[in-house]
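See below for the structure under consideration.
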Amino acid sequence: MTTTETRQNTDLLDELNTWLEENWDPELTVGEWWDRLGLAGWAAPMLPTNAYGRDLTRGDAMAVGSAIARFGAMAAPMGMSIGLCSPTIATHGTQEQIDRLIPPAVTGKIAYCQLFSEPGAGSDLAGLTTKAIRDGEVWHVTGQKVWTSGGQYADMGMLLARTNPDAPKHQGITWFAIDMNQPSVDMRPLKEMTGHAMFNEVFLDDAEVPDANRIGDVNNGWAAANTTLLHERSGMGARGGGGPVGRMARAGGVAGDLDKRAGDFAPAARSASSAPKPDKADVKDKAPASPAQGQIELAREFGKLDDPVVRQRLVQAHILGTLARLTTERHKAVRSQGGDIPGVANFSKLLMADIVRLNRDLGMQILGARGMLHSYDDNAQGEMSSLPGGLRAVMTTGQALGAQALPIYGGTDQIQRNVVGERTLGLPKEPGDMSKVPFSELPKNG
Ligand SMILES: Cc1cc2nc3c(=O)[nH]c(=O)nc-3n(C[C@H](O)[C@H](O)[C@H](O)COP(=O)(O)OP(=O)(O)OC[C@H]3O[C@@H](n4cnc5c(N)ncnc54)[C@H](O)[C@@H]3O)c2cc1C
């Protein structure tokens with residue numbers, strides 16, 4: 001890191017700290033706090049400056065999140081509104097759409113879900129059949145979506161719909177921001193093996209979306225969809241191990257957290273005046289804890305630190321986690337020089353998938369039979385936390401059950417490899433390329 005970058009980062013954290021001193025008040029409601037944070041550009045600082053952001057790199061944005069947590073203030077809203085939807089609108093929307101749609105997203109007033117996948121269109125997303133037909137200034141949408149994460153808490157949806165069935169499949173799709181609160185949108189939660197219902201199937205039966213909420217040109221939604229997916233993949237690949245967070249509040253009007261007290265969601269209940277300043281030396285110079293730290297402590301607690309197979313996997317977890325962090329830092333350094341690393345979002349996601357699988361196997365190996373105990377509802381979680389291994393063991397089993405998710409969503413491992421092969425390495429495309437055939441003439445199953 002150059003001296004100039006260090007100074008810029010220090011200035012940024014100084015500015016943030018001064019702002020937090022003046023603005024953080026645990027007695028605000030969640031909605032009031034997120035209003036302040038979002039409109040000042042601290043909730044989604046990677047967005048461009050004309051879109052309620054600060055044009056920061058992912059690394060600097062993560063430093064902002066950590067500094068807010070260290071200060072003891074409540075974190076910015078999380079989720080697709082900030083991570084996927086806002087960057088897509090910022091890239092493909094008009095300034096009028098940016099000013100109308102992004103403020104409610106970055107202030108957590110509105111939660112978005114992602115209405116991309118369908119029963120017959122997942123990896124082959126461009127094969128989607130949900131259609132939108134225009135009638136004046138309104139589009140009428142009919143079809144089915146599935147695996148819609150957080151749909152039951154969403155106010156709005158990022159919708160991909162087919163608007164020209166006679167164009168080749170990638171060229172007849174349009175991206176919309178659709179209101180989920182209409183009777184013609186039917187949301188049905190799907191229960192997973194974790195015991196939770198994170199995702200849903202969604203039926204749209206003549207649902208309406210105004211043309212003013214069309215992001216990008218008609219039939220050019222594939223470009224916007226790729227922006228959404230790029231942010232989804234690079235967000236996943238950049239996850240290192242997570243920073244300290246308090247109880248999480250959900251964004252959006254449906255979840256019902258906006259009127260709650262912000263201080264109850266802060267990592268430590270401190271008043272602004274007594275909060276310490278972020279320690280810059282801590283941010284810049286201290287070596288990060290091992291990404292395997294949590295697993296090392298779990299192994300110690302279960303007396304497995306001498307087990308040679310566990311030790312080997314702990315070292316693997318350390319190496320892969322360190323590789324993920326170094327890849328993010330290297331990408332950041334290259335981008336700060338105006339360059340890029342082709343395929344980095346794809347292979348970072350592949351690396352993250354390997355880490356998740358390794359942690360699943362390692363965690364289960366450490367826990368042994370204890371790993372079979374899982375709290376299928378939140379009440380049981382409290383009781384199980386009093387057993388050996390405590391909350392860490394509960395979380396380890398929960399994460400192991402959820403480990404199948406990351407290698408699938410945002411594009412499966414196989415699809416990431418295809419993308420790296422074709423676009424980064426220049427390998428020939430898969431045989432039977434139908435990308436030029438009109439969608440309506442493509443062979444269909446059944
Ligand atoms: C936890 C979770 C959350 C999700 N959240 C959302 C959401 O919020 N919104 C949303 O729209 N979607 C969501 N999804 C859906 C996700 O994007 C799809 O599951 C994913 O794209 C894969 O599609 P599919 O399930 O239809 O599998 P398929 O596409 O049917 O794939 C089945 C298998 O075939 C392999 N395969 C398919 N095509 C190829 C190929 N060309 N080459 C090699 N192998 C191939 C795949 O890798 C996979 O192993 C979520 C999924 C999960 C697991």
Side-chain angles (χ1 to χ4, degrees), residues 78-85 88 111-130 141 143-154 156-162 169-170 173 175-178 180 185 187-204 221-222 224-233 235-236 239 251-252 346 349-350 352-353 356-357 360 398-423 427-435 442 444-446:
M78 305 256 304
M80 297 183 189
S81 304
I82 282 193
L84 310 186
C85 180
T88 307
Y112 275 81
C113 62
Q114 186 187 33
L115 299 167
F116 281 20
S117 303
E118 298 182 2
S123 300
D124 181 22
L125 182 59
L128 60 90
T129 57
T130 292
V141 185
Q144 186 194 342
K145 297 290 175 176
V146 74
W147 317 127
T148 311
S149 305
Q152 64 272 55
Y153 302 108
M156 299 281 290
M158 298 173 259
L159 170 74
L160 287 185
R162 186 156 303 281
K169 63 181 179 176
H170 296 90
I173 292 170
W175 200 110
F176 299 95
I178 189 171
M180 300 298 284
V185 176
M187 181 75 58
R188 301 186 195 166
L190 295 165
K191 198 159 183 173
E192 301 132 38
M193 66 177 167
T194 56
H196 298 284
M198 184 185 87
F199 42 44
N200 303 262
E201 48 185 354
V202 184
F203 296 84
L204 303 124
W222 192 245
N226 271 308
T227 300
T228 316
L229 293 172
L230 175 79
H231 284 272
E232 186 171 7
R233 287 166 191 165
M236 290 170 202
R239 258 171 232 162
N346 307 96
K349 185 179 182 258
L350 280 168
M352 230 43 222
V356 162
R357 277 188 287 261
R360 172 197 61 197
Q399 282 163 2
L401 285 171
Q404 332 313 323
L406 189 132
I408 298 175
Y409 65 81
T412 65
D413 283 4
Q414 290 77 13
I415 295 303
Q416 305 304 325
R417 290 194 184 94
N418 281 354
V419 172
V420 171
E422 289 177 15
R423 297 193 204 153
L427 299 178
K429 281 188 177 295
E430 285 189 76
D433 177 19
M434 299 245 182
S435 60
L442 287 177
K444 307 275 188 308
N445 285 337

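Order of listing sets the numbers, starting from 1, for every ligand and every atom in it. FYI, side chains are in, hydrogens and waters are out, and symmetry mates aren't considered; it's all heavy atoms of this structure.
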Just one of Leu125, Leu128, Val202, Leu160 clears the side chain to side chain contact (heavy atoms under 4.5 Å, CB included) bar with Glu118, so which one? Leu128
Step by step, would you call Thr130 with Gln144 a side-chain hydrogen bond (donor to acceptor under 3.5 Å, both in side chains)? CA-CA 6 Å; Thr130 292; Gln144 186 194 342; over 6 Å; no
Short N or O contacts of ligand 1 with protein, under 3.5 Å, listed by atom name?
from: ligand 1; atom 1: 5 (N); to: Trp147; atom 2: O; distance (Å): 2.9
from: ligand 1; atom 1: 5 (N); to: Ser149; atom 2: OG; distance (Å): 2.7
from: ligand 1; atom 1: 8 (O); to: Trp147; atom 2: O; distance (Å): 3.3
from: ligand 1; atom 1: 8 (O); to: Ser149; atom 2: N; distance (Å): 2.9
from: ligand 1; atom 1: 8 (O); to: Ser149; atom 2: OG; distance (Å): 3.2
from: ligand 1; atom 1: 9 (N); to: Gln114; atom 2: O; distance (Å): 2.8
from: ligand 1; atom 1: 9 (N); to: Gln114; atom 2: OE1; distance (Å): 3.3
from: ligand 1; atom 1: 9 (N); to: Trp147; atom 2: O; distance (Å): 3.4
from: ligand 1; atom 1: 11 (O); to: Gln114; atom 2: O; distance (Å): 3.2
from: ligand 1; atom 1: 11 (O); to: Phe116; atom 2: N; distance (Å): 3.1
from: ligand 1; atom 1: 11 (O); to: Ser117; atom 2: N; distance (Å): 2.7
from: ligand 1; atom 1: 11 (O); to: Ser117; atom 2: OG; distance (Å): 3.2
from: ligand 1; atom 1: 12 (N); to: Ser117; atom 2: OG; distance (Å): 2.7
from: ligand 1; atom 1: 17 (O); to: Ser117; atom 2: OG; distance (Å): 3.3
from: ligand 1; atom 1: 23 (O); to: Ser123; atom 2: N; distance (Å): 3.3
from: ligand 1; atom 1: 29 (O); to: Ser123; atom 2: N; distance (Å): 2.9
from: ligand 1; atom 1: 29 (O); to: Ser123; atom 2: OG; distance (Å): 2.6
from: ligand 1; atom 1: 41 (N); to: Glu430; atom 2: OE2; distance (Å): 3.1
from: ligand 1; atom 1: 42 (N); to: Asn418; atom 2: ND2; distance (Å): 3.1
from: ligand 1; atom 1: 47 (O); to: Thr412; atom 2: OG1; distance (Å): 2.6
from: ligand 1; atom 1: 47 (O); to: Gln414; atom 2: OE1; distance (Å): 2.7

Using distance alone, with no hydrogens and no angle criterion, decide if Thr227 and Trp175 have a side-chain donor and acceptor under 3.5 Å apart. no
Examine the side chains of Arg360 and Gln404 and answer whether a donor and an acceptor come within less than 3.5 Å of each other. yes
Do the side chains of Glu232 and Tyr409 get nearer than 4.5 Å, heavy atoms only? yes
Heavy-atom neighbours of Met198 CE exceed 12 at 6.0 Å: yes
